[in-house]
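To start, the structure itself, in C-alpha cells.
Each ligand, and each atom within it, is numbered from 1 in the order the structure gives. Nothing fancy with the numbering, it's 1 onward along the sequence.
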Amino acid sequence: MCGIVGYVGDKNAQDFLVSGLKRLEYRGYDSAGIVTLDASGKPTLVKTKGKIIDLEEKLAQNKRDDKIGIGHTRWATHGEPSETNAHPHQVGDIFLVHNGIIENYKELKKALSKYDFKSETDSEVLAALIDSFYEGGKYPLVNAVVQALKLTKGTYGIAVISTKNPEEVVVARAGSPLVIGVGHGETLIASDASALLGHTKQAIYLNDGEVATITKNSVEIKTLNAEPVSAKVEEIETSLAAIQKDGYDHFLLKEIMEQPESLKETLRGRVKIKDGMVMLGGPGLSESELRKIKHLVIVGCGTAYNAGLLASYYIEQFAPEVTVEVVIASEYRYRQAYIPKDSVALIVSQSGETADTLACLREIKKQGIKTIGIVNAIGSTIAREVDGGTYVHVGPEISVASTKAFTSQAVAMIMFGLTIAQAKGVRTNILRPFVNEISKLPEKIREVLDEFNEPVKKLAENYKDYDHAIYLGRDTAYPTAMEGALKLKEISYIDANAYAFGELKHGPLALVDDRFFEFALVPEGELYDKAVSNVQEVLARGGHVIVVTNSKEFDLPVENVIKIKSDIELLAPILMNLIAQLFAYYTALAKGLDVDQPRNLAKSVTVE
Ligand code: AGP
C-alpha cells in the first residue's frame, strides 16, 4: 500500500530516496517524507502532505550530501493525510517508516504513556516502542527493533535508522513486502523491486518474520528468534524500460495498448495450436492430480476477482464435473467455508501482495488444499507461498486501474481449466475452438484497439458529465460488465454498477432515468436475443444506452453502438472489455482527473 525506500552507501541518499519514491508513488500517494543522516548522525527530516513533487519542492531548501536515509510515500490508514501523520516518524534518536497496520497500537500506546505522541498513526507508536527498548543506543538498534516487534500484532514492513549509528539501517517484514537491493558499495531498500531498477538487478526478498541489519557492504538477516537466515540473492526480472511510459500520456493508456504484446507473453510456450492443446507447467500438478480435481475455488479482489468470475463461466463449459466457486478474498477469509478435499484453489493477484488474498491463501493451505497462483509480480509474497503457479508475465502494471493483468489473468485461468479438461480426456475437438481463439486473441486485440481508440475517445466526451452508470451483460458478458464498471468508477468517480441483464427487472430497472446511462455488452450467441430484449426494456424507459456488440444485425435505436467485427466468438467478452477500458480512460481524461493515481486508492492493497 505505501512505498518504502532506504539507502546506505557512497552516493547521495536523497537522490535515491526521491527517485525511488517516484517509482513507488503509484502504491500510495497522499503524503510523503524522507530523512537522511550526515556522518555525525545529524538528521535532515523533510515531510509533506501531497505528492513527491511537493516533497521535492521542500527538499530544494534542504539539500544534503548524506549517505544514509529512509523514505516513505503514504496511503493513509490511521490518521488523515497530513505532514504530521506522514512518515518517517521520529522518536528520540530513531526514525521509522512503516507499511502495514499495527492492530494492537492502542494498548501499546497506553503502555507508552511517557511519550508525547504528535501523530494519530499506529506507526509512531511502533517507533516509540522501539525507542523504549533502544534507550538512546544502550542496546543495538536491531535488538530494540526485535523486542518491539515481538509485542506487536498486525502487519509491517519497516525501515529504521538511528542518529547514534549513521551507518546501518534495520528492516523487518511481516505481511508487507520489502526487498533489499545489493549494489557495489551501497545497499538499497524498497517495498517493490521496481524502485531498485537502474541501481542494481540483485535483490534479496525478505520473508515474513525476518529482520535484517544493513550497511553499505553487508546484509545480515535473522528471524525474530535470532536464528541466522542465509540471504538468497535473486535477479530482478523487470527492466527499466518496462516501467517507463514509452511516450504515452499515462501508464493506463500504455498498459491498455500493450495488451497484444503482454498477452503474447502470457501465452508464450503455453499454446500448442496444431495439437489443439495448452501446456501450463507452473501449477506443478500431475496428470492424475489434474484428473482428480472436482472443485475449484478461485480467490481474488477487485479486478482479480472479476477475471476469476469470467474464467469460471468458461471452465464450467469444458471441464466436466468440476464445480467452480469464485470468492471475494476479504469475505472468504472470515467465512467457515468447507473446501472438499478434491479441490484446488486458484489464488489470483497482479501484485501478489494483496493482504486479503494472501490471508485466504494461508487459510486455504491450512486445510491442506493445493494452491495455484495466477500472479504477475515475480517473487511476490503470494507467488512464493503458493504450491505452484502460473506467472502471467504482463510486465509491471503501474497504473492503479488494472487492465492488461485482467486480460491475461482471465486467459491464464481459462488455460488452467483447459489443462484440467485435457487431463480428464475431454476430446480435442471440444477444446480446440477455445485454443484457437486464445492463440488469435493478441492479433484481434490489436485490431480492436486500433479501430476503436479514437471513436471511444469521442464517445466518452458525451457521457463524462453523468453521475451514474449501469453496466449490463449476460453469461460471460456479466463479469465483463462488472470489470467495466469497476474501471469507470475507480478512475472517473462516476457511480458505476454492473448487473446481470436478467436481474434488471428484479429491481435495478427502477433506477433508469436521465441521471443514468447504460453500458450494455451484447455478444452474439444463444443469449443474444435475450440481451437484445433486455436492451429494449431499458430503451422503453428512456435509457441512454451504449451497446458494445459483435453482431452485425444489431439495429435497436440506442444512442451509441460499438460493433466489433471479429471471428472471436467464444472469447468475445475479452475484446468487448477493451472498449470498456478505453471508455473509462477517456472519460476520466475528459474530466481532467488523475488517471494513473485516482483519489483514495493505491495499486497494491497490502493492508486489510
Ligand atoms: C483494479 O483496477 C483495482 N486496482 C483493484 O481492484 C485490484 O484489482 C485489486 O486491489 C486486486 O489487486 P491484486 O490483483 O494486485 O491482488
Side-chain angles (χ1 to χ4, degrees), residues 1 24 26-29 75 175-177 191-192 194 250-253 255-256 259 262 266 298-311 326-333 345-361 371 373-383 385-386 389-410 412-413 471 479-480 482-493 496 498 577 580-585 588 593-608:
M1 188 74 90
L24 300 177
Y26 70 97
R27 295 171 64 88
Y29 34 80
W75 183 85
S176 293
S191 41
D192 179 300
S194 62
H250 301 99
F251 281 110
L252 183 52
L253 187 57
E255 289 155 10
I256 291 172
Q259 288 180 96
S262 56
T266 308
I298 302 180
V299 183
C301 301
T303 285
Y305 170 81
N306 294 338
L309 193 58
L310 176 57
V326 190
V327 296
I328 291 173
S330 57
E331 287 292 301
Y332 196 70
R333 67 182 287 190
L346 295 188
I347 312 298
V348 194
S349 176
Q350 187 285 128
S351 64
E353 301 297 349
T354 299
D356 288 318
T357 311
L358 177 58
C360 276
L361 163 59
T371 55
I374 304 289
V375 176
N376 185 39
I378 311 278
S380 56
T381 306
I382 290 173
E385 294 196 13
V386 289
T390 294
Y391 278 124
V392 293
H393 292 305
V394 299
E397 188 178 68
I398 306 295
S399 194
V400 165
S402 182
T403 49
K404 61 180 182 175
F406 171 83
T407 299
S408 285
Q409 284 167 340
M413 285 184 271
Y471 278 62
T480 313
M482 289 170 65
E483 176 59 13
L486 174 60
K487 271 325 76 98
L488 187 71
K489 72 167 69 106
E490 72 176 324
I491 61 175
S492 77
Y493 315 150
N577 181 54
Q581 291 175 345
L582 289 170
F583 183 77
Y585 171 71
L593 297 172
D594 189 335
V595 171
D596 282 329
Q597 296 177 6
R599 70 186 180 195
N600 306 342
L601 300 181
K603 181 61 180 174
S604 178
V605 184
T606 56
V607 291
E608 62 171 288

Measure the CG-CD distance between L252 and Q597 for me, rounded to the nearest 0.5 Å.
-> 12.0 Å

Give the atoms of ligand 1, by number and element, whose distance to some non-hydrogen atom of S402 is under 4.0 Å.
-> 1 (C), 2 (O)

Can you tell me the protein heavy atom closest to atom 6 (O) of ligand 1 and the distance?
-> G302 CA, 3.2 Å

Mind checking the OG-CG spacing from S349 to N376? Nearest 0.5 Å is all I need.
-> 9.0 Å

Please determine which of I382, V605, T381 meets the side chain to side chain contact (heavy atoms under 4.5 Å, CB included) test together with T357.
-> I382

Residues passing the ring-ring contact (aromatic ring centres under 6.0 Å, His included) test with F583, sequence neighbours excluded, are F517, F519

Provide, to 0.1 Å, the distance between atom 13 (P) of ligand 1 and the closest protein heavy atom, together with that atom's residue and name.
-> T354 OG1, 3.3 Å

Nearest-0.5 Å distance that lies between atom CD1 in I256 and atom NZ in K404 | 11.5 Å

Under 3.5 Å: N/O of V400 near N/O of ligand 1 | yes

Please write down residue, atom name and distance for the protein heavy atom closest to atom 5 (C) of ligand 1.
-> T303 N, 4.3 Å

E490 to ligand 1: N or O pair under 3.5 Å?
-> yes

For K487, counting its heavy atoms only, list the atoms of ligand 1 lying under 4.0 Å from any of them.
-> 1 (C), 2 (O)

Nearest heavy atom to atom 15 (O) of ligand 1 wins, so pick from A307, G300, S351, S380.
-> S351

How long is the span from the CZ atom in F251 to the OG1 atom in T403, to the nearest 0.5 Å?
-> 12.0 Å

Closest non-hydrogen protein atom to atom 10 (O) of ligand 1, residue and atom name please, with distance?
-> V605 CG2, 3.9 Å

Distance (rounded to the nearest 0.5 Å) between L582 CG and N577 CG | 9.5 Å

Specify side chain, backbone, both or neither for E353, according to which of its non-hydrogen atoms lie closer than 4.0 Å to ligand 1.
-> neither

For atom 9 (C) of ligand 1, closest protein heavy-atom neighbour = C301 O, 3.7 Å

Could you tell me the residue and atom name of the protein heavy atom closest to atom 14 (O) of ligand 1, and the distance to it rounded to 0.1 Å?
-> Q350 N, 2.7 Å

Contact between A401 and ligand 1, counting heavy atoms under 4.0 Å?
-> yes

Answer with yes or no whether the side chains of Q350 and S402 bring together a donor and an acceptor at under 3.5 Å.
-> no

State the CE-OG1 distance between M413 and T390, to the nearest 0.5 angstrom.
-> 10.5 Å

